[in-house]
Every structure is written in C-alpha cells, then in structure tokens.
Amino acid sequence: QVQLVESGGGLVQPGGSLRLSCAASGIIFNINIMGWYRQAPGKQRELVATITRGGTTNYRDSVKGRFTISRDNAKNTLYLQMNSLKPEDTAVYYCNARSFDYPVPADYWGQGTQVTVSS
C-alpha cells in the first residue's frame, strides 16, 4: 500500500515559479516509476514528467526547459519545480507512482493540488 500526498499548489502570476511536493508513505520499495500528471477542466489527464528508479527523467514537450522533476529518496518525496509558468499550465496536478510487479501491478494516485497561473 502506498499513500501519496501532494502540496505546494496555489496561485501564481505568469512567468512565476512554484514547487510541488509529493510525500510518499507506506510500502514503496517496489515502485518503479513516479511522475506528475495534470488535468485542466474539460481536458484529459496528461503526463507532465516522470522519473524512474534509476533517475531517468522524461517531460512532455510543452514543459521542457521550464519544469524539473526530482526526488529526495531520504524523505520519500517527489518534486516538480515549475518555472516560467504560463496560463496554459493551469490544472490540477497529480502525483503518480507505479509498480510493474507481476502478477500484481499497482498504480497509486494522490488527491491532486490546484495550480492556477493568472494575472
């Protein structure tokens, strides 16, 4: 069982910065990949960034160069540093953790944190 709790969302002006955190607890040793997703009203949930157990990162094109995903293993915390924010970044951001274990894979989600980019 894995529990994920996001924090750090809020209101920021265009061009501003925000750092999201995701605190993981429970049985997390079997997690293979973690990531951030986001969902804007009327749109599908979309992948923002991922980081593997080995530290390999991946980003959607629209956030490359602006967002950085990282983790602090000692604190069991995932981060998303968001710079040069745009109104298009407005969404609920969700932390995700996945295990590829066979025969019982697992997919865990946090409750989400609202990010609003507006003047």
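Heavy atoms only: backbone and side chains are in, while hydrogens, waters and symmetry mates are out. Everything numeric in this text was worked out from a predicted model, so none of it was measured.
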**Student:** For the CD1 atom of Ile28 and the OG atom of Ser99, what is their distance to the nearest 0.5 Å?
**Tutor:** 12.0 Å
**Student:** Determine, step by step, whether Ile51 and Thr56 satisfy the side chain to side chain contact (heavy atoms under 4.5 Å, CB included) criterion, reporting the C-alpha distance in whole Å, the side-chain angles of both residues, the deciding distance to 0.1 Å, and the verdict.
**Tutor:** CA-CA 5 Å; Ile51 185 167; Thr56 300; over 6 Å; no
**Student:** Classify the ring geometry of Phe67 against Tyr93: parallel below 30°, tilted from 30° to 60°, perpendicular beyond 60°.
**Tutor:** tilted
**Student:** Could you go step by step and tell me if Arg19 and Met82 meet the side chain to side chain contact (heavy atoms under 4.5 Å, CB included) rule?
**Tutor:** CA-CA 6 Å; Arg19 187 180 74 163; Met82 304 184 294; over 6 Å; no
**Student:** Same cluster or not: Ile31 versus Tyr79, using hydrophobic residues (I, L, V, M, F, W, Y) connected whenever any side-chain heavy atoms lie under 4.5 Å apart?
**Tutor:** no
**Student:** Enter the distance from Ser62:OG to Glu46:CD here, rounded to the nearest 0.5 Å.
**Tutor:** 6.0 Å
**Student:** Main chain of Met34, side chain of Asn96: is a donor-acceptor contact present, judged purely on distance under 3.5 Å?
**Tutor:** no
**Student:** Rounded to the nearest 0.5 Å, what separates atom CG in Asn58 from atom OG1 in Thr50?
**Tutor:** 4.5 Å
**Student:** Would Tyr59 and Leu47 count as a side chain to side chain contact (heavy atoms under 4.5 Å, CB included) if you check the C-alpha gap in whole Å, the side-chain angles of each, and the deciding distance to 0.1 Å?
**Tutor:** CA-CA 8 Å; Tyr59 302 88; Leu47 176 68; over 6 Å; no
**Student:** Is a donor from one side chain sitting under 3.5 angstrom from an acceptor on the other, for Asn83 and Ser17?
**Tutor:** yes
**Student:** Show the numbers, then the answer: is there a side chain to side chain contact (heavy atoms under 4.5 Å, CB included) between Arg45 and Tyr94?
**Tutor:** CA-CA 9 Å; Arg45 187 173 299 187; Tyr94 297 91; 3.5 Å; yes
**Student:** Looking at Val48, is its backbone amide N or carbonyl O close enough to the side chain of Arg60 to form a donor-acceptor pair, meaning the two atoms are under 3.5 Å apart?
**Tutor:** no
**Student:** Quick check: is Tyr37 connected to Leu85 through a chain of hydrophobic side chains (ILVMFWY, heavy atoms under 4.5 Å apart)?
**Tutor:** no
**Student:** Looking at Asp89, Leu18, Leu11, which hits side-chain contact (heavy atoms from CB on, under 4.5 Å) with Val117?
**Tutor:** Asp89
**Student:** Judged by atom type as modelled, is there a donor-acceptor pair below 3.5 Å linking the side chain of Glu6 to the main-chain atoms of Gly112?
**Tutor:** yes
**Student:** Is a donor on one side and an acceptor on the other found under 3.5 Å between the side chain of Gln1 and the backbone of Gly26?
**Tutor:** no
**Student:** Would you indicate whether Lys43, at its atom NZ, is surrounded by more than 12 heavy atoms from other residues, nucleotides or ligands within a distance under 6.0 Å?
**Tutor:** no
**Student:** Please check: side-chain N/O of Thr113 versus main-chain N/O of Ser7, any donor-acceptor pairing under 3.5 Å?
**Tutor:** no
**Student:** Applying the 4.5 Å side-chain criterion to the ILVMFWY set and letting contacts propagate, would Trp36 and Ile33 be lumped into a single cluster?
**Tutor:** no
**Student:** So which atom in Gly35 and which in Leu78 form the shortest heavy-atom distance, rounded to 0.1 Å?
**Tutor:** O-CD2, 3.9 Å
**Student:** Would you say the side-chain atoms of Thr77 pair up with the backbone N or O of Lys75, donor to acceptor, closer than 3.5 Å?
**Tutor:** yes
**Student:** Are Trp109 and Val92 connected into the same hydrophobic cluster when the rule is that any two of I, L, V, M, F, W, Y join if their side-chain heavy atoms are below 4.5 Å apart?
**Tutor:** yes
**Student:** Judged by atom type as modelled, is there a donor-acceptor pair below 3.5 Å linking the side chain of Asp101 to the main-chain atoms of Val104?
**Tutor:** no
**Student:** Rounded to the nearest 0.5 Å, how far does CZ of Arg38 lie from CD of Glu88?
**Tutor:** 8.5 Å
**Student:** Using a 4.5 Å cut-off on heavy atoms from C-beta on, say whether the side chain of Pro87 contacts that of Pro14.
**Tutor:** yes
**Student:** Between the side chain of Arg71 and the main-chain N/O of Thr52, is any donor-acceptor distance below 3.5 Å?
**Tutor:** yes
**Student:** Which residues pass the ring-ring contact (aromatic ring centres under 6.0 Å, His included) test with Tyr108, not counting sequence neighbours?
**Tutor:** none
**Student:** Is there a side-chain contact between Arg98 and Asp107, using heavy atoms and a 4.5 Å cut-off?
**Tutor:** yes
